[in-house]
Amino acid sequence: MNSLVQDARAAAARVGLKSDTIVIEGGRPLRGSIDVRGAKNLVTKAMVASLLGDEKSILRDVPDISDVHVVMSLLGAHGVQITGDPATGVLVLDPANVSHGDSAEIDALSGSSRIPILFCGPLLHRLGRAFIPDLGGCRIGDRPIDFHLDALRAFGAIVDKLPSGIDITAPNGLHAAKIELPYPSVGATEQVLLTGVRVPGETELKNAAIEPEIMDLIAVLQKMGAIISVEPNRTILIEGVDSLGGYNHRALFDRNEAASWASAALATGGSIFTAGAKQSEMMTFLNVFRKIGGAFDIEEDGIRFYHPGGDLKPVVVETDVHPGFMTDWQQPLIVALTQAHGTSIVHETVYENRFGFTDALIEMGANIEVHKEGLADPNRRVPRRALEQAAVITGPTKLHGTEMVVPDLRGGFSHLIAALTAEGQSVVSNLGLIARGYGDIVNKLEKLRAEFRFQE
Ligand code: EPU
């Protein structure tokens, strides 16, 4: 069994999926209402932030996804006592007895997550040392951690690369730092926040990521007693404090999940109400959705996304850091673009390997060309960068069912949408990889009246 299949099965088991393979009868519009809970990319970081406090923290709207279970186990391995259950959406995290975890246990858990790198700052503060095994996460490019390690060094940490992982110590304590990121990396910005909040003096971070999930993490840290100001031009100032308390926080909704279901509504010609989704964090997505010919109603408690009839239109979009079009939105959207009349272009500028999922769509009948070296296009919004790629999608094309092996989280969700859009039967395996970041899939598919069954 390869390691991807192992990861997928483990993830499926964590959230109680009956099997890691699903059989879908596609070609029916998805219609109904689903709840979107807290964002994976905030919740997992807020859970890590609890390590910094002297008191219990309460996190609400937690999604029941495999990544949350992994971070619960990682925190548990470091002595954090957790009560509550992602199934009910509330976790209480008590960091009273933080300790060094068992490295074999941490290693086993880390196979499927990149979150351990964010334990560094909190563990250095609490215990004076952190050990980070090899990192997992989705296989969507090299995903280096050099910005993280450089930031930790700037705070005075000593980084030792060992065959088994990375050993980080601070024999002379940590001090405030002036850091400029080469790229507004989400993870590296979080690293600086989670480390800088408790070092004495003022830390300045330039070229910071300003994604809504980062703003929500700053809100969490402020509730704990941190002093962080977001200045113009992607600069964040952190005034270190001696100690932090706990927090009581309702997580920001998952805009990636909302955008994924929106794309599913459009691709299948249906209508989905995403309860909990909000307009302000999704403005860029909403513009593109409307340009393609999708419609939406913004309501008090959520957003309804639907196909209003008529032909869908092609679009040129480029992924970018916030407030640009998120890299995590492009994969589900591409399935909808296979149904648009004309040629669309999607440029991926954040990761170097995020179009692998299109192979399965092509097999299903989609007309997609991937240009690995990118594509010169007069409609480009930002200048050409080295790691970009382009997908050229010409539609509309009928999709027909096939067998698909999910390669990663977002690519996997597009496989699911493609299977739901396609005529006939599809068999989607490695479903657990989707459960890393999408909660309650079975219940949601049922609510949307999808026709599916698990393969034993
Ligand atoms: N990068 C480096 N060096 C580093 C860190 C990043 O070169 O030390 C590069 C990456 O290789 C990538 C780019 O910088 O090409 C952006 O990476 P970033 O650090 O911003 O991403 P991340 O923190 O690893 C988070 C989300 C991703 C999301 C990106 C962009 C989490 C756990 N992951 O990743 O989410 O795509 O930000 O918004 O928060 C997903 O949810 O499926 C997912 C992949």
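In listed order, ligands and their atoms are each counted from 1. Since the model is a prediction, treat every value here as computed from it, not as a measurement.
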Worksheet item: Which atoms of ligand 1 are found less than 4.0 Å from any heavy atom of G187?
Response: 19 (O), 23 (O)
Discussion item. Would you say that more than 12 heavy atoms from the other residues, nucleotides or ligands in this model lie under 6.0 Å from the NZ of K56, or not?
Written reply: no
Discussion item. For E446, is the CD atom crowded, meaning more than 12 foreign heavy atoms sit under 6.0 Å from it?
Written reply: yes
Practice prompt. Look at ligand 1 and say whether H322 reaches it with a heavy atom at a distance under 4.0 Å.
Written response: no
Worksheet entry | E213 and ligand 1 - part of the residue with a heavy-atom distance under 4.0 Å | neither
Discussion item. Does the residue R354 have a heavy-atom contact with ligand 1, meaning some pair of atoms that are separated by less than 4.0 Å?
Written reply: yes
Discussion item. Using a 3.5 Å cut-off on N or O atoms only, is P184 in polar contact with ligand 1?
Written reply: no
Item to complete: Indicate whether any N or O donor in one side chain lies under 3.5 Å from an N or O acceptor in the other, for T402 and E363.
Response: yes
Response to the item:
Nearest non-hydrogen contact to atom 4 (C) of ligand 1 from the set P144, A209, S185 belongs to P144
Worksheet item: Which bit of H148 gets closer than 4.0 Å to ligand 1, counting heavy atoms only: side chain, backbone, both or neither?
Response: both
Worksheet item: Using 30° and 60° as the class limits, which term best fits the ring planes of W261 and F413: parallel, tilted or perpendicular?
Response: perpendicular
Worksheet, complete the sentence: ring pair (Phe, Tyr, Trp, His ring centres under 6.0 Å) filter on F305, not counting sequence neighbours, yields F289
Practice prompt. Report yes or no: does a heavy atom of G437 sit under 4.0 Å from some atom of ligand 1?
Written response: no
Worksheet item: Does V350, backbone or side chain, put an N or O under 3.5 Å from an N or O of ligand 1?
Response: yes
Worksheet, complete the sentence: Quick look: M326 vs ligand 1, heavy-atom contacts under 4.0 Å, and the answer is side chain
Worksheet item: Would you say V186 has any N or O atom under 3.5 Å from an N or O of ligand 1, going by distance alone?
Response: yes
Discussion item. Could you tell me, atom by atom, which parts of ligand 1 come under 4.0 Å of a heavy atom of R114?
Written reply: 24 (O)
Worksheet entry | Heavy atoms of other groups near N233 CG, more than 12 under 6.0 Å | no
Worksheet entry | Check: E352 N/O within less than 3.5 Å of ligand 1 N/O | no
Worksheet item: For ligand 1, is there an N or O atom under 3.5 Å from any N or O atom of A188?
Response: no
Worksheet item: When you look at CZ of R153, are more than 12 heavy atoms from neighbouring residues, nucleotides or ligands closer to it than 6.0 Å?
Response: yes
Practice prompt. Using distance alone, determine whether N256 and ligand 1 share an N or O pair under 3.5 Å.
Written response: no
Worksheet entry | Polar contact flag for T327 and ligand 1 (N/O pairs, less than 3.5 Å) | no
Item to complete: Please confirm whether F147 comes within less than 3.5 Å of ligand 1 when only nitrogen or oxygen atoms on both sides are compared.
Response: yes
Worksheet item: Taking both backbone and side-chain atoms of K45, is any N or O found less than 3.5 Å from an N or O belonging to ligand 1?
Response: yes
Worksheet entry | Heteroatom distance test (E211, ligand 1): nitrogen or oxygen, under 3.5 angstrom | no
Practice prompt. Verify the neighbour count for atom CD of Q81: are there more than 12 heavy atoms of other residues, nucleotides or ligands below 6.0 Å?
Written response: no
Worksheet item: Considering residues, nucleotides and ligands other than R250, do more than 12 of their heavy atoms fall under 6.0 Å from its CZ?
Response: no
Practice prompt. Sequence neighbours left out, what passes ring pair (Phe, Tyr, Trp, His ring centres under 6.0 Å) with H78? Give chain and number order.
Written response: F119
Worksheet entry | Gap separating the CD1 atom of I166 from the CG atom of L162, nearest 0.5 angstrom | 8.5 Å
